[in-house]
Amino acid sequence: MTISKTKRSQKEFPVDYTKKGFSEIKEDLKGYIERNYPDTYKDFNKTSFGSMMLDLVSYVADQLHYYIDHNANEANPVFAKEADNIIEGLHALGAKPSLSNTSSGFASLYIPVPADPMGIAVDKRYNMVSHAGTVFRSQGGNTFTQDQDVVVNTATSQIIGHKAKPDGSLEWFLLKATVPVTSGEIREYTVEIGDPRNFLEIEIPDSEITKILKVTDSNDNQYHQVDNLSTDVIMVPVVDNNNESNTLKTRMKRKPVPRRFTEKRTLNKTSIIFGNGSDSDLNITTMLDPAKALLKTQGRGEEIISNPKQGYNNVLPSGGLGVAPANTTITIQYKANSSTNSNAAVGTINQVIDPIISFSNEQLLDAVNVDYIRENVQIYNEEPLNGFVSIRNTEELKHRYLGNYSTQGRAVTLDDYVNSVYSMPASFGAIKRAAMVRDTNDLTRNLNLYVIAEGADGKLEKPSMLLKQNAKTWLNTMKMVSDSVDIFDAQILNIGLDLKFQIHRNSNPQTVISTVRRRVFEELMSIPPDIGESFSISEVERIMNEIPEIVHIPKVGGVVVRNYVGRGKYSDYSYDIPNNMSQNESSIFIPENTIWEIKFIDDIRGTVITR
């Protein structure tokens, strides 16, 4: 059967719904009235009542079109402008953006230890352990905690000093131990839960959360964090006492997790979401078996049986996506930064707040010596602690997380590796910029990852060793088995600009110079460049030309780029800028392991020239 098109009468005109602007809509309405009501209304004078009504209707239509376009754009994270909408869109694409990351690094712990009775060596009875959870503080008031237990003795620590008695024998030694520390302090939030609710969501009123540590109820039942609620088995480390290796002390074991939750983050909120099961599902017949697959697979040679009851809400044997708490008290233990920027410069972590130190046989030791040790523990960071990255605008948010969807939880291409680094969990810290390069000079075509971090002052800084180790650990869970990845610090090229321009006669030179410096600095550094990205001189000229007071920029000498090196403020990296200029002098080539930065606004100098 065929359906023919209806022949439209010559007097009928279809309405054009593509007109969006106020003027277009008004003209279209006016034409519609003239065609359909030629004898009813003819007065289209600007001062007439009919013209006013056309203006009002056109105004309303213009506003409606704006909101339609706005909503359509905000539904796509690529075009969205609102931060909350971008984050929601990124969640839908599988990304987990975090605006509060952990700063991490190594610090030196200085501990006094008594000498032995002979006064010639360290008394081994005072071998001790500095435990995870020891709290430190920086000069800026940021709180840091020790992450792992560290054994302190002459084999694991360095003797850097001693105190002698009047007779020349030694009384005390000073040991130096290296401990891993991360930013943040441990906090707790409790909430009363009433009647059962499907997919219960609990919002934690803290905007600086970096990691959920533990979730328990009033019956000491623990709820485990999973990527999604359909995950019913996780891998947990178990101490292996039979392992003879000096480095590997744990092994991984599969563990069913009927009580579980997922984490949801927005701009300033963190929530945890539970499933829709109940405690009655936890019995012998329905307890999950880690050896069984979550979904039944059907294939060749098997009888395919349709099960109408099996859907996304009851894929588990219990019929729920995990047990939801009910009629209990939930305690959430988490780690949170104590300030908006948790990075620490060299030497700023110098306060021990709560040392947690244990001895093998403390009851047999001199209590005075034990108290003296605990009261005189000192901390000092010889390298910066970084990992916190400030996200000042939505474009930076897109730059870091939009590529996560194409990665799909694995790293195959070079871009996948970079996107994987940016999606590193907040508890691992964050890399400011990353670039992956294949080493063509290596026989195995090794992959070199160049990374840079952000310092306590918000400027580019080389990442700490612990941050690079975390990145390596994270990439090992996603990389191809055959890929070999090495991580290196990117070189920081600090540059400055000498700008010359002509201005209108009535303009104030100092005001224009101040405006030019501010505009150029903000537009170039609001979104830092990628590693290996060229510096565009033509972009600087474009910014200057948009300033109304500027009338002319010389083609030669209008924008001069200089390299600032050392002097206690800049990196020690020197670069030959003139010999790496493009032929038309519109850009500067930057090596693939280097990132440029205008560190201070004072590095931009402006000069007004006469005609």
Side-chain angles (χ1 to χ4, degrees), residues 1-95 97 266-269 391-406 504 515 518-520 522-524 526-527 536 538-539 541-551:
M1 182 181 69
T2 59
I3 302 177
S4 60
K5 295 182 179 179
T6 303
K7 293 183 179 180
R8 191 179 296 276
S9 170
Q10 293 183 355
K11 294 183 180 181
E12 295 180 353
F13 295 89
V15 179
D16 186 1
Y17 293 102
T18 61
K19 302 292 179 64
K20 295 183 178 181
F22 174 84
S23 300
E24 292 178 332
I25 296 173
K26 181 178 179 180
E27 289 300 321
D28 198 43
L29 287 174
K30 181 179 177 182
Y32 182 83
I33 294 173
E34 290 175 341
R35 291 192 303 269
N36 293 278
Y37 307 99
D39 300 326
T40 304
Y41 191 83
K42 300 179 180 180
D43 186 7
F44 293 101
N45 190 285
K46 290 184 178 181
T47 60
S48 67
F49 176 78
S51 182
M52 181 189 71
M53 293 302 298
L54 282 177
D55 287 345
L56 293 176
V57 173
S58 301
Y59 172 77
V60 172
D62 188 21
Q63 291 292 310
L64 292 175
H65 274 295
Y66 166 78
Y67 285 114
I68 291 173
D69 291 344
H70 177 76
N71 291 337
N73 286 328
E74 292 298 313
N76 189 332
V78 177
F79 306 109
K81 301 297 182 184
E82 301 292 334
D84 282 329
N85 294 332
I86 294 175
I87 293 175
E88 286 291 338
L90 292 173
H91 278 301
L93 295 178
T266 56
L267 185 59
N268 293 309
K269 298 178 181 179
I391 300 179
R392 300 183 179 93
N393 49 60
T394 55
E395 291 304 315
E396 175 73 8
L397 192 63
K398 296 178 185 180
H399 182 92
R400 296 182 62 82
Y401 295 108
L402 270 180
N404 185 266
Y405 178 71
S406 60
H504 288 291
T515 301
R518 178 180 53 82
R519 287 278 297 275
V520 171
E522 289 178 354
E523 294 208 25
L524 291 182
S526 61
I527 303 178
S536 176
S538 58
E539 177 67 12
E541 294 174 343
R542 180 195 65 79
I543 297 171
M544 295 170 63
N545 283 321
E546 290 181 351
I547 299 175
E549 292 83 359
I550 294 180
V551 296

Colleague: Just verifying a value: how many Å separate Ile25 CD1 and Asp62 CG, rounded to the nearest 0.5 Å?
Modeller: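 Nearest 0.5 Å value for the CD1-CG distance: 5.5 Å.
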Colleague: Does a side-chain heavy-atom distance below 4.5 Å link Leu524 with Glu539?
Modeller: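 Answer yes - side chains close enough.
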Colleague: For Glu395 and Lys398, run salt bridge (charged side-chain N to carboxylate O under 4.0 Å, His left out): C-alpha distance rounded to whole Å, both residues' side-chain angles, the deciding distance at 0.1 Å, then the answer.
Modeller: CA-CA 5 Å; Glu395 291 304 315; Lys398 296 178 185 180; 3.6 Å; yes
Colleague: Please confirm whether the backbone N or O of Glu82 pairs with a side-chain atom of Glu74, one donor and one acceptor, at under 3.5 Å?
Modeller: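 Yes, Glu74 side chain to Glu82 backbone: donor-acceptor pair under 3.5 Å.
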Colleague: Does any part of the side chain of Ser51, heavy atoms only, come nearer than 4.5 Å to the side chain of Lys26, both counted from C-beta?
Modeller: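 A side-chain contact exists here, since the closest heavy-atom pair is under 4.5 Å.
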Colleague: Check Glu27 with Lys30, please: is the shortest side-chain N to carboxylate O separation under 4.0 Å?
Modeller: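 No, no charged N to carboxylate O under 4.0 Å.
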Colleague: Does the plane of the ring in Tyr41 sit parallel, tilted or perpendicular to the ring in Phe44? Use 30° and 60° as the thresholds.
Modeller: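 The rings of Tyr41 and Phe44 stand perpendicular, inter-plane angle above 60°.
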Colleague: If you round to the nearest 0.5 Å, how far is NZ of Lys81 from CD1 of Ile86?
Modeller: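 Rounded to the nearest 0.5 Å, the CD1-NZ separation comes out at 8.0 Å.
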Colleague: Do Arg519 and Ile547 have side chains that approach each other closer than 4.5 Å (heavy atoms only, starting at C-beta)?
Modeller: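 Of all side-chain heavy-atom pairs linking Ile547 with Arg519, at least one is under 4.5 Å.
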Colleague: Within the side chain of Asn393, is there an N or O that forms a donor-acceptor pair under 3.5 Å with the backbone of Ser526?
Modeller: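 Yes; at least one donor-acceptor contact below 3.5 Å.
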Colleague: When you compare the side chain of Arg518 with that of Thr515, does any pair of heavy atoms fall below 4.5 Å?
Modeller: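 Yes, at least one pair of side-chain atoms sits under 4.5 Å.
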Colleague: State whether the side chain of Asn545 and the backbone N or O of Glu541 hold a donor-acceptor pair below 3.5 Å, judged by distance alone.
Modeller: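 Yes.
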Colleague: With a 4.5 Å heavy-atom cut-off, do Arg542 and Glu523 have their side chains touching?
Modeller: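 Of all side-chain heavy-atom pairs linking Glu523 with Arg542, at least one is under 4.5 Å.
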Colleague: Between OG of Ser23 and CG of Asp28, what distance do you get to the nearest 0.5 Å?
Modeller: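 Those atoms lie 12.5 Å apart.
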Colleague: Would you say the side chain of Phe22 lies within less than 4.5 Å of the side chain of Asp55, judging by non-hydrogen atoms?
Modeller: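 Heavy-atom side-chain distance check passes, below 4.5 Å.
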Colleague: Once you round to the nearest 0.5 Å, how far does CG of Leu397 lie from CG of Leu402?
Modeller: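 So the CG of Leu397 and the CG of Leu402 are separated by 8.0 Å.
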Colleague: Roughly how far, to the nearest 0.5 Å, is the CG atom of Asn76 from the CG atom of Asn85?
Modeller: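 That separation rounds to 11.0 Å.
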Colleague: Report the distance from atom CG of Leu64 to atom CG of Asp69, rounding to the nearest 0.5 Å.
Modeller: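 Going from CG on Leu64 over to CG on Asp69, the span is 11.0 Å.
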